[in-house]
Asker: 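Provided herewith is a single structure, encoded as structure tokens, for subsequent inquiry.
Numbers here are sequence positions counted from 1.
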Amino acid sequence: MRLYSSVTAARPLILLLITALVLVACSREGIYHAAMDREKSMASMESRTLQVDGMDIAYLESPRREGQETLVMVHGFGANNLNWLRLARHLQQDYHLIAPDLPGHGQSTQDLSLNYSIEHQVENLAAILKALDLDNVHLVGNSMGGAIVALYGAVYPEHTLSLSLLNPAGIQDHPAELDERIEAGNNPLVVDDPANYSDLMDFVMEQRPFIPWPISGVMAQRAAANQEINRKIFEDIRGGSADEFRELLPRIEAPTLVLWGEEDRVLSAKNAPVFGELISTS
């Protein structure tokens with residue numbers, strides 16, 4: 001009886017030791033990749049690559065079922081195509097999904113000599129869709145991606161079936177907290193140390209989701225490792241022509257949804273009506 005009691009009392013410690021040994025045996029990168037593979041599987045999406053204008057482009061794709069139209073999902077600044085996986089679970093039955101890593105992001109080419117302005121990324125997106133032989137598509141974009149798909153719809157209206165702009169960049173008639181921080185010399189979107197990744201998450205999300213530490217640790221390391229390319233991308237975006245962007249929006253012909261979270265600290269939701277006024281189809 002005493003032996004049984006001792007073993008029973010020690011079970012939590014034994015389980016803790018076993019868990020620790022498993023985590024040590026599996027690298028954080030291994031855990032991260034296993035988790036992402038599971039997310040991709042649940043969204044019925046597979047990783048693929050192609051070359052466009054000398055650049056390596058990584059993208060995710062779901063199976064194309066008969067009669068399905070294509071929905072292209074474009075991520076925001078400093079993000080990648082994996083950010084769409086949870087949403088893709090709910091869409092892959094109705095659409096053929098494509099989610100590219102734009103140049104400078106994720107697993108696609110990162111080259112400090114390239115221009116990553118909104119205008120250039122629109123042409124990159126057009127080249128990607130042409131290489132994939134996709135002619136008429138629906139597009140959804142978040143933040144930077146929202147500005148890119150909006151401008152794509154204006155420049156290529158004949159190839160655009162619909163647009164969904166989620167907290168889109170491109171118009172800043174009303175500044176947000178991000179603008180105040182940048183003026184003060186602090187850009188929270190560019191992580192220079194893994195320890196600061198938590199601050200980024202708190203800044204861009206009103207309700208931060210739970211992310212297990214091995215996975216969040218890898219995300220923090222990658223964000224810090226990308227600080228140089230992210231600074232370049234941010235500078236290129238800020239250096240683009242806001243007037244030209246505004247002038248082109250009325251050319252959009254496709255049905256357009258503008259959706260904004262009112263607590264957005266990166267881009268003020270007060271800019272939503274401005275998009276609505278400029279896009280007659282919204």
Side-chain angles (χ1 to χ4, degrees), residues 69-79 83-84 87 95 98-100 102 104-105 115-130 134-183 189 204 206 233-282:
E69 295 178 327
T70 298
L71 172 62
V72 180
M73 313 167 81
V74 183
H75 60 75
F77 168 79
N83 293 109
W84 294 109
L87 180 60
Y95 294 95
I98 295 289
L102 293 173
H105 297 77
N115 189 319
Y116 297 102
S117 67
I118 299 299
E119 297 82 359
H120 280 80
Q121 292 286 30
V122 168
E123 295 311 311
N124 290 332
L125 178 60
I128 291 169
L129 297 184
K130 182 177 180 180
L134 296 173
D135 191 22
N136 296 309
V137 297
H138 300 275
L139 297 108
V140 56
N142 172 56
S143 192
M144 176 194 77
I148 291 168
V149 302
L151 194 55
Y152 180 94
V155 176
Y156 298 99
E158 70 278 13
H159 299 308
T160 306
L161 296 175
S162 72
L163 296 171
S164 296
L165 314 181
L166 313 181
N167 299 39
I171 291 178
Q172 290 182 283
D173 289 7
H174 302 278
E177 183 178 336
L178 174 65
D179 300 288
E180 298 173 3
R181 293 208 183 189
I182 290 175
E183 285 185 12
L189 301 187
V204 301
E206 180 61 21
I233 294 169
F234 196 83
E235 290 172 1
D236 288 348
I237 293 173
R238 301 279 283 199
S241 175
D243 290 338
E244 182 180 357
F245 182 87
R246 182 187 294 269
E247 291 170 2
L248 286 171
L249 287 189
R251 297 186 185 181
I252 292 174
E253 300 175 1
T256 302
L257 169 69
V258 180
L259 187 65
W260 220 301
E262 64 180 0
E263 301 297 334
D264 193 345
R265 288 180 282 269
V266 177
L267 297 159
S268 174
K270 293 179 180 179
N271 292 301
V274 183
F275 276 89
E277 291 168 3
L278 292 171
I279 304 173
S280 60
T281 61
S282 61

Asker: Side-chain contact, heavy-atom cut-off 4.5 Å: Ser268 with Asp173?
Answerer: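 They are not in contact (no side-chain heavy atoms under 4.5 Å apart), so the answer is no.
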Asker: What closest approach, in Å, do Gly261 and Asn167 show between heavy atoms, and which atom pair accounts for it?
Answerer: N-OD1, 3.3 Å
Asker: Given the rule in the side-chain contact (heavy atoms from CB on, under 4.5 Å) test, do Leu125 and Tyr156 qualify, once you have shown the distances and angles that lead to the verdict?
Answerer: CA-CA 11 Å; Leu125 178 60; Tyr156 298 99; over 6 Å; no
Asker: Is any side-chain heavy atom of Leu249 closer than 4.5 Å to a side-chain heavy atom of Ile171?
Answerer: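 The answer is yes; the side chains approach within 4.5 Å.
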Asker: Which distance, rounded to the nearest 0.5 Å, do you find between the CD1 of Ile252 and the OG of Ser280?
Answerer: 8.5 Å
Asker: Which heavy atom of Arg251 sits nearest a heavy atom of Ala154, and at what distance?
Answerer: CB-O, 3.7 Å
Asker: In Å, rounded to the nearest 0.5 Å, how long is the span from CG of Leu139 to CG of Leu161?
Answerer: 8.5 Å
Asker: Atom CG in Leu248, atom CG in Asp243: separation rounded to 0.5 Å?
Answerer: 11.0 Å
Asker: Roughly how far, to the nearest 0.5 Å, is the OG atom of Ser162 from the CG atom of Leu71?
Answerer: 7.5 Å
Asker: With heavy-atom distances below 4.5 Å as the criterion, would you say the side chains of Leu129 and His159 are in contact?
Answerer: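 Counting from C-beta outward, Leu129 and His159 never come under 4.5 Å.
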Asker: Starting from the C-alpha separation in whole Å, work towards a yes-or-no answer on side-chain contact (heavy atoms from CB on, under 4.5 Å) for Leu178 and Leu267.
Answerer: CA-CA 7 Å; Leu178 174 65; Leu267 297 159; 6.0 Å; no
Asker: Roughly how far, to the nearest 0.5 Å, is OH of Tyr116 from CD1 of Ile233?
Answerer: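 One gets 6.0 Å once the value is rounded to the nearest 0.5 Å.
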Asker: At what distance, to the nearest 0.5 angstrom, does CZ of Arg238 lie from CD of Gln172?
Answerer: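 If I round to the nearest 0.5 Å, the distance is 5.5 Å.
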Asker: Give the intermediate values and the outcome of side-chain contact (heavy atoms from CB on, under 4.5 Å) for residues Val149 and Val140.
Answerer: CA-CA 7 Å; Val149 302; Val140 56; over 6 Å; no
Asker: Arg265 vs Glu206, test: side-chain contact (heavy atoms from CB on, under 4.5 Å). Steps then yes/no.
Answerer: CA-CA 9 Å; Arg265 288 180 282 269; Glu206 180 61 21; 3.1 Å; yes
Asker: Using only atom types and a distance under 3.5 Å, with no angle test, would you say the side chain of Asn271 pairs donor to acceptor with the backbone of His174?
Answerer: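 Checking the backbone N and O of His174 against the side chain of Asn271, a donor-acceptor pair under 3.5 Å is found.
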